[in-house]
K.L.:
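One structure is given below, represented as structure tokens, and several questions about it will come after.
Throughout, protein chains are lettered first and strands after them, A, B, ... in sequence-line order, and every chain is numbered starting at 1.
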Number of protein chains: 2
Amino acid sequence: MSTIYDICTMNQEKVNKIRAFNRFYTRVIGLLNKYLNDSHYTLPEVRVMYEIYHHKQITSREITELLSMDKSYLSRMLLSFDKKGLIKRKTDKTDTRAQDISLSAKGEKEFLAINRSTENQIAELLSGLNNQEVEQLIVHMDGIQKILSKISN
Amino acid sequence: MSTIYDICTMNQEKVNKIRAFNRFYTRVIGLLNKYLNDSHYTLPEVRVMYEIYHHKQITSREITELLSMDKSYLSRMLLSFDKKGLIKRKTDKTDTRAQDISLSAKGEKEFLAINRSTENQIAELLSGLNNQEVEQLIVHMDGIQKILSKISN
DNA sequence: ATTTTTAGTTGACTTTGTCAACTATTTACG
DNA sequence: CGTAAATAGTTGACAAAGTCAACTAAAAAT
């Protein structure tokens, strides 16, 4: 918990630089997500698929926690995945209220295709940079994650 | 323009690290924007106010370009700002189709209040870090902006 | 002078996301 | 044990965010 004193003595310029970065990176992320317009899936759908894929077995509740997503929103999304045959759901053995969700063969195929095109898009973006710049970029990104992980619970 | 060759030889791990950072930072930005729920304004509204404030005089078209925002969406937003007395609009002297938009005294007051609370929120976030960490964070952020500015048109 | 482009508005719509109420379990606890 | 409280997921109703196309009026291009 910070005090008024902390906030007031905090260098204004530093805060402004961080805000500038946030604005800048919001645009970067926006650009990178633009490609999704051409895919059959929306950004939140892809995020959900990502979680299912990387957990192999996951419950609704876990997804809502991981993505800070409303459970009703997710419930409807999973229904649409189900209709499209992208997921399998089976009742959890130790808690019959919960379902273990996993990607079907079709779902996995779809996800991996999206995944590849995201990767290609980033690779394409990076192709405008030389090797050293890419290395530096990653160093900076790791650095930010390391520092901010301390505070983001 | 990148070639297939570039993409295929691009280190997969680097691409994955960048994607991981994007996911991470999407969450950070999401957390920072959460506070807006308590404000009277939405995120896109604040962004528009930001642009009006920092240009003193700006047209609708310029805002749509700066924020990649649909002109109909913006038009309605400006209408609501107008109704709330947050902006002044006057016909541009050299192009009577266009309007020069600026914040009213009330609008400026509102924007500055939002601005302060965003600043405080970031300052509060940073209060969990020591001086050196904050310095490092800014170095990394500047680094990323410098590198990515080369390519993001 | 007329066609084409542009600035902004409006109508109709879709997507995205939220909130509260509900059912069916499970867990906590006297 | 048995009842109360908490939890997993669904559903209805809605609000917020964003898009698309058609339109008016003015400006720019030809």
K.L.:
To the nearest Å, give me how far apart NZ (A:Lys90) and P (D:dG9) are.
P.N.:
15 Å
K.L.:
Each nucleotide in nucleotides 11-18 of chain D should get exactly one letter: B, S or -. Can you fill that in based on protein heavy atoms under 4.0 Å?
P.N.:
BBB---SB
K.L.:
Could you check how far CG of A:Asp100 sits from C1' of D:dG9, rounded to whole Å?
P.N.:
13 Å
K.L.:
If you draw a 6.0 Å radius around NZ in A:Lys146, do more than 12 non-hydrogen atoms from other residues or ligands fall strictly inside?
P.N.:
no
K.L.:
Determine yes or no for a side-chain-to-main-chain donor-acceptor pair under 3.5 angstrom, with A:Ser104 supplying the side chain and A:Leu86 the backbone.
P.N.:
yes
K.L.:
B:Lys88 side chain to B:Ala105 main-chain N or O, any donor-acceptor pair under 3.5 Å?
P.N.:
no
K.L.:
When the distance from CD1 of A:Ile58 to P of D:dG9 is rounded to whole Å, what number comes out?
P.N.:
10 Å
K.L.:
Check whether any side-chain nitrogen or oxygen of B:Arg89 sits under 4.0 Å from OP1 or OP2 of C:dA7, and answer yes or no.
P.N.:
no
K.L.:
Check the interface with nucleotides 1-6 of chain C: list each N/O to N/O pair with the protein under 3.5 Å, or write none.
P.N.:
unit_1	atom_1	unit_2	atom_2	d
C:dT6	O2	B:Arg97	NH1	2.2

K.L.:
Look only at the side chain of A:Glu45 and the backbone of A:Thr42, and say whether a donor-acceptor pair between them is shorter than 3.5 Å.
P.N.:
yes
K.L.:
For B:Phe111, is there any backbone N or O sitting under 3.5 Å from a side-chain donor or acceptor partner on B:Asn115?
P.N.:
no
K.L.:
Among residues at least two apart in sequence or on other chains, which ones pass side-chain hydrogen bond (donor to acceptor under 3.5 Å, both in side chains) with A:Asp142?
P.N.:
none
K.L.:
Grab the CE-C1' distance between B:Met77 and D:dT19 for me, whole Å please.
P.N.:
14 Å
K.L.:
Rounded to whole angstroms, how far apart are CG on A:Leu78 and P on D:dT10?
P.N.:
7 Å
K.L.:
Establish, yes or no, whether the cationic atom of B:Lys56 lies under 6.0 Å from the six-membered ring centre of B:Tyr53 and within 45° of the ring axis.
P.N.:
yes
K.L.:
Could you give the CD1-to-P distance, from B:Ile63 to C:dT9, as a whole number of Å?
P.N.:
11 Å
K.L.:
Taking atom types as modelled, find out whether A:Glu62 and A:Thr59 have a side-chain donor-acceptor pair closer than 3.5 angstrom.
P.N.:
yes
K.L.:
May I ask you to decide if the ring planes of B:Tyr25 and B:Phe21 are parallel, tilted or perpendicular, using 30° and 60° as cut-offs?
P.N.:
parallel
K.L.:
Quickly work out the B:Leu66 CG to C:dA7 P distance and round it to whole Å.
P.N.:
13 Å
K.L.:
Separation of A:Ile87 atom CD1 from D:dG9 atom P, in whole Å?
P.N.:
11 Å
K.L.:
So which one's nearest nucleotide on DNA chain C is more toward 5', A:Thr94 or A:Ser68?
P.N.:
A:Ser68
